[in-house]
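Each chain gets a letter, A, B and so on, in the order its sequence line appears, and its residues count up from 1.
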Protein chains: 2
Amino acid sequence: MPVSPPRPKGPPLNALRAFEAAIRLGGFAQAAEELCVTPGAISQHIKALEDWAEVPLFERRSQGVVPTEFGLSLAEPFATAFDSIGQAVRHLRSGAQQQTIHIAALPSVAQLWLSPRLPMIRTALAGHRLSVTALETPPNLQRELFDISIFLDTPTGQPGETILAEDVIFPVCSPEVAARLTSPKDLLNETWLYDAVWADDWDHWLAQAAPGLKKKPNGPHFSLYTIALEETKHSAGILIGHAALVDTALKSGDLVAPFGERVATGKALTVTVSLHQKASKAVRQVLAMLGGN
Amino acid sequence: MPVSPPRPKGPPLNALRAFEAAIRLGGFAQAAEELCVTPGAISQHIKALEDWAEVPLFERRSQGVVPTEFGLSLAEPFATAFDSIGQAVRHLRSGAQQQTIHIAALPSVAQLWLSPRLPMIRTALAGHRLSVTALETPPNLQRELFDISIFLDTPTGQPGETILAEDVIFPVCSPEVAARLTSPKDLLNETWLYDAVWADDWDHWLAQAAPGLKKKPNGPHFSLYTIALEETKHSAGILIGHAALVDTALKSGDLVAPFGERVATGKALTVTVSLHQKASKAVRQVLAMLGGN
DNA sequence: ATCTACCCTTAGATTTTCTAGGGCAAAATT
DNA sequence: AATTTTGCCCTAGAAAATCTAAGGGTAGAT
């Protein structure tokens, strides 16, 4: 006789969030990244949820998970729900006495492009705190707590996005190294430096600027563009420079661009602002200073 | 220089839920009851949230907490957000192979009124599981996971509510005790039994049915109406019966109503169903069997 | 065939979250 | 005026959740 079982408890909220992320991003690993946990954590959350609801949400395949039909049907309601939560949380955060502007940027962009502009911003925004977070992938501004994101990526065209500059690349090196170079062919005798995530920059530039020139890539790879740039300054070799990132070094004379050929990558330095009313006065102010409209 | 702090993390979701409940119900204690935790837990959640947002949400007074103006302004967005979550969760639960109908009822109603009707419902709903939970206060059907609630309370008039019967009260006792009674005045010589939460039933009935009759209440109090009723059957005294709850005992002859005066309390036996599409076929079926429209 | 690169799971450890018990202060009651 | 009641706060220890790290399996590449 089923009388008085303990009050039926709702599902764990964090599991719902994990599920929402997993179904939206299409995988546990991606969801894990967004939530800053290991995939195992996501796996357990989903399992807990499946146990609670007594319904399978994902089909486990060897190459990843595939949402079940039913799981997919939950995507929209949960997305709506968490957008709603996000909005309420923004409202909550807007109450802080001292507002904080959260900026997300690619590590290299943060250090090489944003950093020189920060002092100006900070003085203009007295009374606000400023927080800069380096991220490998652009955050979902609707869901996460960033106000502004600055990335070097293919523009998505979503609302709130402003293109600051098209991305153009060209080899850069120290003046000392540049002295040895007269034509692109001389590159073959030099060490080529690579950024780990932009490893095909060299191929891309060569294809446009010096077709036919081939070289086995044997130079060092750096996980941080900034490190590669430092090494370049120390005459360790030649690096493909992204205009927005090497501008300061070129202006100071630490680096030079030995060849004139500038090649567009199709990417762009884009700044995106979250579309929310509160605090946006300060956010718009920052945007204007960064060169947005 | 604030570069690369750890990714700003959102507020703990559970704290948001605690806050939403606290602001909606107007107190930590009430929120604690709804979430089935101790008030201390709520207190900690709210504090965590206030620390996170760096803004006070409640003003602590000795007789309870009062929401700050800002806290109050968050009530609506958070209510909306959690309604949204609730809806998504219902959708999720609707996927279970074997549906469960969750019924919430006052303990006395569950045992005395609902219990005799359960076998009929269960056979009609083969393939569904049935869960009956005894609750002192009616749950928020929009937020909690109950499908049907049955309470003896003043009708609220909210959508989904059906009045099954007006609440009327009158003294009941065992036939053995009834043999000693001829007029209401004889009540003065008998032991009066009380239900702890309906302690003023006697006063209420006397005021209408036998004005002037006074007696110092010295009879035993029972925390469960069912126990009081059992004692009444064992001739331990006279109890104020609620029509819906003593019906079975009157029909079986275990109890009798020695006086004809029936007094309305203004309350009613009401059944409320959650307004949701899925699973509501079964829910409506149950409702019909209980006597709703 | 073997290797590499993914991605998901499981067991154990860690951190969060909860409960219990003791206080305090104002309001209601005696 | 004293007492009881109510409702929140605090802290330490206990319970439960959540996470990480290591394991294992599959597809496509070498």
Measure the acute angle between the ring planes of B:F146 and B:H102, then classify it against the limits of 30° and 60° as parallel, tilted or perpendicular.
perpendicular
Of the candidate nucleotides D:dC19, C:dC18, D:dC9, which contains the atom at the shortest distance from the side chain of B:A41?
C:dC18
If you take the centroid of each ring, where Trp contributes its six-membered ring, are B:Y194 and B:F222 closer together than 6.0 Å?
no
Starting at atom CG of A:L57, determine the distance to atom P of C:dC8, rounded to an integer number of angstrom.
14 Å
Just report the end-to-end axis angle for the helix from C:dA1-D:dT30 to C:dT30-D:dA1, five pairs per end, to 10 degrees.
20°
Would you please classify the geometry between the B:W202 ring and the B:W205 ring as parallel, tilted or perpendicular, with 30° and 60° separating the classes?
perpendicular
Regarding the side chain of B:V65, the nearest nucleotide among D:dC8, C:dT9, C:dA20 is D:dC8
Judged by atom type as modelled, is there a donor-acceptor pair below 3.5 Å linking the side chain of B:E231 to the main-chain atoms of B:L193?
no
A:I42 CD1 to D:dC19 P, straight-line distance once rounded to whole Å
7 Å
Residues from residues 11-34 of chain B sitting under 4.0 Å of DNA chain D, heavy atoms only?
B:G27, B:F28, B:A29
Between A:T68 (side chain) and A:L57 (backbone), is there a donor-acceptor pair under 3.5 Å?
yes
Show the distances under 3.5 angstrom between N or O atoms of the protein and N or O atoms of nucleotides 22-28 of chain D.
from: D:dT26; atom 1: O3'; to: A:S62; atom 2: OG; distance (Å): 2.7

Figure out the NE2/P separation between B:H45 and C:dT17, and round it to whole Å.
6 Å
Round to the nearest Å and state the distance from B:K47 atom NZ to C:dT17 atom P.
14 Å
Passes salt bridge (charged side-chain N to carboxylate O under 4.0 Å, His left out), B:E34 versus B:R143? Steps please.
CA-CA 10 Å; B:E34 171 162 312; B:R143 212 53 64 74; 5.6 Å; no
note: A:D51, atom CG; D:dA17, atom P; distance rounded to Å ~ 13 Å
So, do B:F151 and B:P139 sit near enough that their side-chain heavy atoms are less than 4.5 Å apart?
yes
Using the side-chain heavy atoms of A:R60, tell me which of these nucleotides is nearest: D:dC19, C:dT19, C:dT9.
C:dT9
The side chain of B:Q44 lies closest to which of these nucleotides: C:dT10, C:dT19, C:dC8?
C:dT19
Any side-chain heavy-atom pair from A:L229 and A:L245 closer than 4.5 angstrom?
no
Check the distance between C:dC18's C1' and B:I46's CD1 and give it to me in whole angstrom.
15 Å
Chi angles and distances behind the salt bridge (charged side-chain N to carboxylate O under 4.0 Å, His left out) call for B:E144, B:R90
CA-CA 9 Å; B:E144 301 198 48; B:R90 276 176 190 280; over 6 Å; no
Contact class for A:T38 (heavy atom, under 4.0 Å): base, sugar-phosphate, or nothing?
base
Within the 6.0 Å centroid threshold, strictly below: A:Y225 and A:H242
yes
Distance in angstrom units between A:L49 CG and C:dC8 C1', rounded:
17 Å
Verify the neighbour count for atom CD of B:Q98: are there more than 12 heavy atoms of other residues, nucleotides or ligands below 6.0 Å?
yes
With salt bridge (charged side-chain N to carboxylate O under 4.0 Å, His left out) as the test, would you mind laying out the steps for B:E50 and B:R60 before giving the verdict?
CA-CA 13 Å; B:E50 290 179 322; B:R60 271 72 171 180; 3.0 Å; yes
